[in-house]
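Residues take their numbers from the sequence shown, with the count starting at 1.
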Amino acid sequence: MMMRFAWIAGAMLAATAALPASADVIYPRGLVKAPETLDPQKAATFNETPILYDLFEGLVALDGEGKTVPGAAESWTISPDGLVYTFRLRDGARWSNGDVVKAADFVASFRRLFAPETGATETGPLLVIKNAAAIQQGSAKADTLGVAAPDAKTLEITLERPVPTFLGRLALPVALPVNVTSIRKLGADFGTTGKIVSNGAYRLAAIDKKDGYILVKNPRFRDAKAMPIDSVVYKAFDDVAGCVEAYRAKAVLSCPDVPTENLAELKGEFGGALRLAPFPGTYYFAINTTKKPFDKVEVRRALSLAIDREALASAVWSGGMVPADTLVPPALSASPAATPQPIETRRAEARKLLEAAGFGELAAVAPAPEDAGKPIAAADAAPANAPGEKPMENKPLADKPAESTASGTKDAANPDVTYSITAKPSVIMPGDAAPVAETPADEKAPADKPAAQSAAPAAPDARSSVPAAKEEKAAGDTGPSPLRLTIRVGTGLGHEETARIVADQWKKIGVEATIVTEANPAHFARLRDGGDFDVARTGWIADEADPIDLLTVLRSDNVRFNYPRYTNRDFDKLLDQAAVDMDRERRQQELGAAAALLAADAPIIPLLGYVSLSLVSPTLTGWSDNMLNVHPTRFLAVN
């Protein structure tokens, strides 16, 4: 059925001249936080991503399932050495102002992207284009960029080295083209007003302070007549709760996120309208492989085998995270997810491995105090950092993905520590991804503190969620001692609860774990800078949906993010080969072999997989859950 929404009528009337004659099908679409800019070369948050994909079309595009498909280019070829990509642009393509889309427009757009004065921050994935990095650093001229237009319909891109995932990178928002001629005329107004020239399925009709961003079908787009939705109105809310309330009132048909602190209630209320889709990232514990006894693979494998991930995901995250026993999510790998053995079978094997490593059983522990199971922050913990801009990690997200959107809660015993039960990642993209560091969205970044204070590590036995051990061996007992370790979690109630449940599960194989918290900045500084730890919470969300993005985190030469200090030259060699191998099947085998080595060596304990959460009205069809969490309006319909 046709849908008309009175709440946007005024703004639509103001944009009447821009509307198609039969603009009856309107999609009111929720956003959390207003976009900072609609200039794709300066956009840096997930808030802009869906609008940018509606307004602009790159050489390649993402379809409704998140797959890479031809975009402004109808076809392309790749040279045998993987260095030169030759694109053929579509006939008849035009900008929204009527100008013909030419190869020279892409040349000018890429040159603007890397020009130092542009100030683009998301160029990392495209710095593989020849001379791009040198131009951005100001040490090379713009005309030396490896992008050329032999004729009006042909574009050539030359790379510094082969990159098997380069086509996927061209589908990122940062690779979307801009009309440089119109930008020169608009100056600072471009990206911040309704005066935007674009080449996508929709064009910007107006930006209204009350009603949001009004996009109307671009009649010059090749598939305009086949697109079911005539206009999409992006309504921005201050937080996810505001979007959910608007959804309840039927003022929007979708929300890109929901509050995770009451996820169980939302599932009951919305049923199938609450969509959970796997995200390309994994929440895991890093194990210090350079420290005894964690240098023994038997110990590491035992710790991993003993964990019931299904119970963990259900108990702590209410199903807002999914169980994961591999670093690379099954949806990213060529191999289907393996069916795990029964947990008791795995724990029996874990006990044998610990015995082989020289450890004995944990004696009975005296009953814990009533509040012993509650997470307690270390006395010197500082407030958590404010979250990063994006959940994606990658931004179509991630990187998105990846941000925390629930309100934090204060611990009455320690008002200086704010906890969050959200699991949304915050990953800085692109180039090198950043570690996941979840924090409450409503917590403002603390004022700078002296380094000694902000980085002060918590005393392992100062205040923990595990009571002091009562199982000291009797005099004369010379049997092997049980394994004792410390889990460092940073701050965040969900992380502490996760560690507490893992600690309880480890008791079943004779392991005693003490949980220690410290401010997230100090926590990740400890991991990054080689500080002491046994087991520590971290996670990773891929900038691009490819296994190598996750696996590369654990290369022996990844000094910054290889927290376990894992070293395996065969693993590194396989990644070196996969990084440049343009043979798809052979590369798949190389990545699979690298993942198998990682699983055998167990330098990390994969625990949970990140998910994207969306509210989607049953009246909105065509929404296909996908790992990139991308849903261009042109593939949707309102019924």
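Between Val511 and Phe359, every side-chain heavy-atom pair lies at or beyond the 4.5 Å cut-off. Side chains of Tyr566 and Ile604 form no contact here, defined as non-hydrogen atoms less than 4.5 Å apart. The shortest side-chain heavy-atom distance between Ile605 and Asp325 does not fall under the 4.5 Å cut-off. When side chains are defined from C-beta on, Leu127 counts as touching Phe114, because their heavy atoms get closer than 4.5 Å. Residues Ser304 and Arg309 meet the side-chain proximity criterion, which asks for heavy atoms closer than 4.5 Å. Side-chain contact between Pro293 and Leu483 is present, with at least one heavy-atom pair separated by less than 4.5 Å.
When atom types are taken as modelled, the side chain of Asp601 and the backbone of Pro603 share no donor-acceptor pair closer than 3.5 angstrom. At distances below 3.5 Å, not a single donor-acceptor pair connects side-chain atoms of Arg500 with backbone N or O atoms of Ile515. At least one donor-acceptor pair under 3.5 Å links the side chain of Ser139 to the backbone N or O of Ala134. In this structure, the side chain of Ser314 does not engage the main chain of Glu310 through any donor-acceptor pair within 3.5 Å. Side chain of Thr289 to backbone of Pro564: a donor-acceptor contact under 3.5 angstrom is found. Under a 3.5 Å cut-off, the side chain of Ser556 and the backbone N or O of Thr567 do not form any donor-acceptor pair. A side-chain donor-acceptor contact under 3.5 Å links Arg300 to the backbone of Ala602. Between the side chain of Asp529 and the main chain of Gly531, no donor-acceptor pair closer than 3.5 Å is present. Distance alone, capped at 3.5 Å, is enough to place a donor-acceptor pair between the Trp506 side chain and the Leu303 backbone. For the pair Asp625 (side chain) and Ala277 (backbone), a donor-acceptor distance under 3.5 Å is absent.
The shortest non-hydrogen separation linking Asp81 to Val84 is OD1-N, 4.2 Å. Listed here is the closest heavy atom pair of Val611 and Val322: CG1-CG1, 3.7 Å. Residues Leu126 and Ala175 approach most closely at CD1-CB, 3.9 Å, considering heavy atoms. Closest of all the heavy-atom pairs between Tyr284 and Pro606 is CB-CA, 3.7 Å. Looking at every heavy atom in both residues, Arg537 comes nearest to Gly490 through NH2-CA, 4.0 Å. Closest approach of Glu160 to Asn131, counting heavy atoms only: OE2-N, 2.8 Å.
Ring orientation note: the planes of Tyr610 and Tyr283 are nearly perpendicular, at an angle over 60° on the 30°/60° scale. Below 30°, between 30° and 60°, or above 60°: for Trp317 and His495 the angle between ring planes is between 30° and 60°, a tilted geometry.
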CA sep, side-chain torsions, deciding dist, call: Glu349, Arg301, side-chain contact (heavy atoms from CB on, under 4.5 Å): CA-CA 9 Å; Glu349 182 181 351; Arg301 288 188 57 214; 3.3 Å; yes
Ring pair (Phe, Tyr, Trp, His ring centres under 6.0 Å) between Phe533 and Tyr563, worked out: CA-CA 10 Å; Phe533 75 97; Tyr563 299 150; 7.9 Å; no
Salt bridge (Lys or Arg N to Asp or Glu O under 4.0 Å) between Asp583 and Arg587, worked out: CA-CA 6 Å; Asp583 185 296; Arg587 182 175 185 270; over 6 Å; no
Audit row: Thr68, Leu62, side-chain contact (heavy atoms from CB on, under 4.5 Å) steps and yes/no: CA-CA 5 Å; Thr68 302; Leu62 296 173; 4.0 Å; yes
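Rounding to the nearest 0.5 Å gives a distance of 7.0 Å between CD of Gln505 and CD1 of Ile501. Interatomic distance, CG of Leu493 versus OG1 of Thr498, reported as 9.0 Å (0.5 Å rounding). The structure places CG of Leu172 at 9.5 Å from OG1 of Thr49, a figure rounded to the nearest 0.5 Å. Of the inter-residue distances, the one linking Leu312 atom CG with Leu608 atom CG reads 5.0 Å to the nearest 0.5 angstrom. Rounded to the nearest 0.5 angstrom, Thr45 OG1 and Glu122 CD are separated by 9.0 Å. Note: Trp540 CH2 to Leu327 CG = 10.5 Å, rounded to the nearest 0.5 Å.
Partners of Val128 by side chain to side chain contact (heavy atoms under 4.5 Å, CB included), not counting sequence neighbours, listed by chain and number: Leu159, Arg161, Val163, Phe166, Arg169. Looking at residues two or more places apart in sequence or on another chain, you find a side chain to side chain contact (heavy atoms under 4.5 Å, CB included) between Ile343 and Asp308, Arg346, Arg347. Residues meeting the ring pair (Phe, Tyr, Trp, His ring centres under 6.0 Å) test with Phe294, sequence neighbours left out: none. With sequence neighbours excluded, the residues forming a side chain to side chain contact (heavy atoms under 4.5 Å, CB included) with Thr290 are Asn288, Arg565, listed by chain and number. Partners of Asp557 according to the salt bridge (charged side-chain N to carboxylate O under 4.0 Å, His left out) rule, which considers only residues two or more places apart in sequence or in another chain, are Arg555.
There is no side-chain donor-acceptor pair under 3.5 Å between Arg488 and Thr538. For the residue pair Gln136 and Thr123, a side-chain donor N or O sits within less than 3.5 Å of a side-chain acceptor on the partner.
Residue pairs that meet the salt bridge (Lys or Arg N to Asp or Glu O under 4.0 Å) test with at least one member in residues 284-297, sequence neighbours left out, are Lys291-Asp532, Lys291-Asp534, Lys292-Asp295.
Remark: Arg569 engages Asp572 in a salt bridge, criterion side-chain N to carboxylate O under 4.0 Å.
In this structure, Glu355 places its CD atom where only 12 or fewer heavy-atom neighbours from other residues, nucleotides or ligands lie under 6.0 Å away.
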